[in-house]
Amino acid sequence: MTTADELVQALVARFPVLRPAYEEHLRDAGELLPHVIFGIGEGFTDRVVDAYMQRDPADALDWLAVLEFLEAHFDQGDRDVDELLVTSFLDALPGPTRPGHGLVDELPNRLHTRFNLIRPCG
């Protein structure tokens with residue numbers, strides 16, 4: 001079982017390109033706030049969507065590997081992790097009329113199933 005804090009730390013360890021945003025978040029917030037660091041506006045969710053859309057070719061974030069990483073930690077018995085991923089990742093993904101919505105079709109099985117439950121219209 002992993003806590004939400006441990007999930008964020010493991011994500012940064014697995015994807016070092018996220019470390020600068022993580023360190024900036026710690027400086028600004030004074031502590032790790034998992035929902036904030038995933039949040040909209042330069043958060044991890046936006047970084048994944050941007051990488052999917054290849055907005056910054058110099059960004060080495062492997063969006064597909066991030067999705068697989070999140071899938072591996074989802075629905076494993078930690079309510080805080082699941083809440084983080086549902087409310088601050090899945091629910092923050094672009095809607096059907098927004099650029100990057102195609103990422104939804106790339107979600108692994110459990111994440112995709114939960115996305116469809118919380119946002120049945122996309």
Exercise. Are the side chain of Asp80 and the backbone N or O of Ala4 linked by a donor-acceptor pair below 3.5 Å?
Worked result: no

I'd like to know if the side chain of Gln9 reaches the main chain of Leu7, judged simply by a donor and an acceptor atom lying under 3.5 Å from each other, with no hydrogens or angles considered. no

Of all heavy-atom pairs linking His35 and Thr87, the shortest is CE1-OG1, 3.1 Å

Only residue of Tyr52, Phe44, Phe69 satisfying ring pair (Phe, Tyr, Trp, His ring centres under 6.0 Å) with Trp63 is Tyr52

Looking at Arg119 and Asp91, would you say the former's side chain and the latter's main chain have a donor-acceptor pair under 3.5 Å?
yes

Heavy-atom nearest pair, Pro20 first then Val17, reads CD-O, 3.4 Å

Taken to the nearest 0.5 Å, the spacing of Arg47 CZ from Leu18 CG works out to 5.5 Å

Task: Parallel, tilted or perpendicular: ring planes of His101 versus Phe115, cut at 30 and 60 degrees - done: tilted

CE of Met53 to CG of Asp46, rounded to nearest 0.5 Å, is 10.5 Å

Exercise for the section: Evaluate the criterion side chain to side chain contact (heavy atoms under 4.5 Å, CB included) for residue pair Leu107 and Thr113; output intermediate values, then yes/no. Expected result: CA-CA 9 Å; Leu107 291 170; Thr113 298; over 6 Å; no

**Item:** Side-chain donor or acceptor of Glu106 paired with backbone N/O of Leu103 under 3.5 Å
**Value:** no

When rounded to the nearest 0.5 Å, the distance separating CD of Glu68 from CG of Leu111 is 11.0 Å

| request: Decide yes or no on side chain to side chain contact (heavy atoms under 4.5 Å, CB included) for Leu85 and Leu90, but give the supporting numbers first. | output: CA-CA 6 Å; Leu85 295 179; Leu90 293 177; 5.5 Å; no

Between Glu71 and Arg110, is there a donor-acceptor pair closer than 3.5 Å when you use the side chain of the first and the backbone of the second?
yes

Treating Ile, Leu, Val, Met, Phe, Trp and Tyr as nodes and any side-chain heavy-atom pair under 4.5 angstrom as an edge, say whether Leu117 and Leu67 lie in one connected cluster. no

Distance col, row Leu70:CG vs Leu84:CG, nearest 0.5 angstrom, shows 8.5 Å

So CZ of Phe15 and CG of Leu11: to nearest 0.5 Å the spacing works out to 6.0 Å

Rounded to the nearest 0.5 Å, the CG atom of Asp78 sits from the OG1 atom of Thr3 at a distance of 6.5 Å

- Task: Please answer whether the main-chain N or O of Gly39 pairs with a side-chain N or O of Thr45 as donor and acceptor at a distance below 3.5 Å.
- Result: no

Checking the side chain of Ser88 only, and the main-chain atoms of Pro34 only, is there a donor and an acceptor separated by less than 3.5 Å?
no

- Query: Leu32 versus His25: any side-chain heavy-atom pair under 4.5 Å?
  - Reply: yes

